[in-house]
Number of protein chains: 2
Amino acid sequence: MAKIGDRNRELIIQAASEIFAARGYAATKTMDIANHAGLPKANVYYYFKSKKNLYRSVVESVIDPLLQAATPFYENDDPATVLEQYIRAKIRVSQQHPHASKVFASEIMHGAPHLPEDIAEQMMEQTRVSSNRIASWVKRQLIDPVDPHHLLFTIWAATQTYADFDWQISRVTGKDKMSQADYDTAAEQLTRLILKGCGVKSIQPE
Amino acid sequence: MAKIGDRNRELIIQAASEIFAARGYAATKTMDIANHAGLPKANVYYYFKSKKNLYRSVVESVIDPLLQAATPFYENDDPATVLEQYIRAKIRVSQQHPHASKVFASEIMHGAPHLPEDIAEQMMEQTRVSSNRIASWVKRQLIDPVDPHHLLFTIWAATQTYADFDWQISRVTGKDKMSQADYDTAAEQLTRLILKGCGVKSIQPE
DNA sequence: GTCTATACTAGGATAGAC
DNA sequence: GTCTATCCTAGTATAGAC
């Protein structure tokens, strides 16, 4: 039975996400990962064969929550609803998967050298769907004539910043760690800014 | 005369900015910097003593444009004018100093391990001035009751994203490199979004 | 399946010729 | 002030005992 193996694999991936996120790929020593996971170094190699391979596993383990966030665009057509839910989902990812977000941001910043092409393509497909949806809102005059890509870039950047640049956030706000209330405030502020800024008129006003 | 020395120092800093930006500190080999600068590796050590020291020099060479961008907050009090100029200045930094921006982003993302404390403090001071200014606009009802910090985070993130995540931008837009017109569009879109989103009423309406 | 002890190599740094 | 040749450490990876 591979019960212990599964457990250890999980421990290692978890430890690796944290350390890769904190220091970046090249600056991470497998020794540190092993220590952090409470296992001998050789164990890491036994389960993952190489550092590069472990990193790939970490990146893949991290993709799913990121891809999930786009669901609002697939489930609804009301601009106010979709945008609000999307922003909320993206902020939740920053909050609940900060290591994943950082690893991913670092990956993108350096030209995505380890991102499997099929994942990149999935994200592109989501982007196409989202931006077509936004374009159709513009055409139907449900929102101001905004450029869909730039709107998406802004939403991505503004939501990810809470994970990626947490050092800056914490320094500016004077809080060591954002509370649930802080994340809620962030989501509300950003939602209001975007909805009002795009002149969103809801299909189902009430 | 240290003419050659100055020239070489300049060449090395330039090459180093590009490579540190592209790969991050740890993944950068001094050999690559030397090659890219067209000089022998020992030369790099002669001028900068160590890799860490060279990196510090790069970070410092990069600070100035970033600090300059905040001037609109010191020169004016009209929300529309200040915010528009600030956004434009930040986007210009992304456009004209993309390597600087990336090195800096990477530094912040990993907890600013190499950022001299006096620089960090200068940025904090700018942030205090900017957010007090925004708070005073709110108090005088020149803009909606927004949280100044969150507004700044959004502006920072949305403007820096054009440098930091250029890979993503170029993949989504299908353009290898953004043109001047693209940067102008980005600035306009974001300015409109922010001004309208914050309900900016200009002091000097016309 | 697990871990200790060790091999191998990349890359930061320097000595010393020019 | 410049560069070639070399040293040496740190860190990836593995052989082989348990």
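What you see is a predicted model, and the numbers here were worked out from it, not measured in a lab. In the text below, chain A, chain B and the rest are named by the order of the sequence lines, each starting its count at 1.
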Ring geometry between W137(B) and F73(B) (parallel below 30°, tilted from 30 to 60°, perpendicular above 60°):
parallel
Could you list by number each residue of residues 23-30 of chain A showing a heavy-atom separation from DNA chain D of less than 4.0 Å, or answer none if no residue does?
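Nucleic-acid contacts, sorted: T28(A), K29(A), T30(A).
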Looking at DNA chain D, which of residues 38-48 of chain B put a heavy atom within less than 4.0 Å of it?
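Contacting residues: P40(B), A42(B), N43(B), Y46(B), Y47(B).
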I12(B) has an atom CD1; how far is it from atom C1' of dT2(D), in whole Å?
11 Å
Spacing between K52(B) atom NZ and dG11(C) atom C1', to the nearest angstrom
15 Å
Please list all pairs passing the side-chain hydrogen bond (donor to acceptor under 3.5 Å, both in side chains) test where one or both residues lie in residues 104-116 of chain A, with sequence neighbours left out.
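Residue pairs passing side-chain hydrogen bond (donor to acceptor under 3.5 Å, both in side chains), neighbours aside: Y55(A)-E107(A).
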Selection residues 59-72 of chain B - residue pairs positive for side-chain hydrogen bond (donor to acceptor under 3.5 Å, both in side chains), sequence neighbours left out
none
Only distances under 3.5 Å count here; give the side-chain donor-acceptor pairs of residues 91-100 of chain A to other protein atoms, sequence neighbours excluded, each with its distance to 0.1 Å.
from, atom 1, to, atom 2, distance (Å)
S94(A), OG, T159(A), O, 2.8
Q95(A), NE2, Q180(A), OE1, 2.8

Does a side chain donor of either N53(B) or S50(B) reach within less than 3.5 Å of an acceptor in the other side chain?
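Checked: N53(B)/S50(B) side chains show no N/O donor-acceptor pair below 3.5 Å.
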N53(A) near the nucleic acid: base, sugar-phosphate alone, or nothing, with a heavy-atom cut-off under 4.0 Å?
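No contact.
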Under 4.0 angstrom, heavy atoms only, what part of the nucleic acid is D32(A) near: base, sugar-phosphate, or nothing?
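Nothing, no heavy atom under 4.0 Å.
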Can you name the residues that form a ring pair (Phe, Tyr, Trp, His ring centres under 6.0 Å) with W156(A), not counting sequence neighbours?
F153(A)
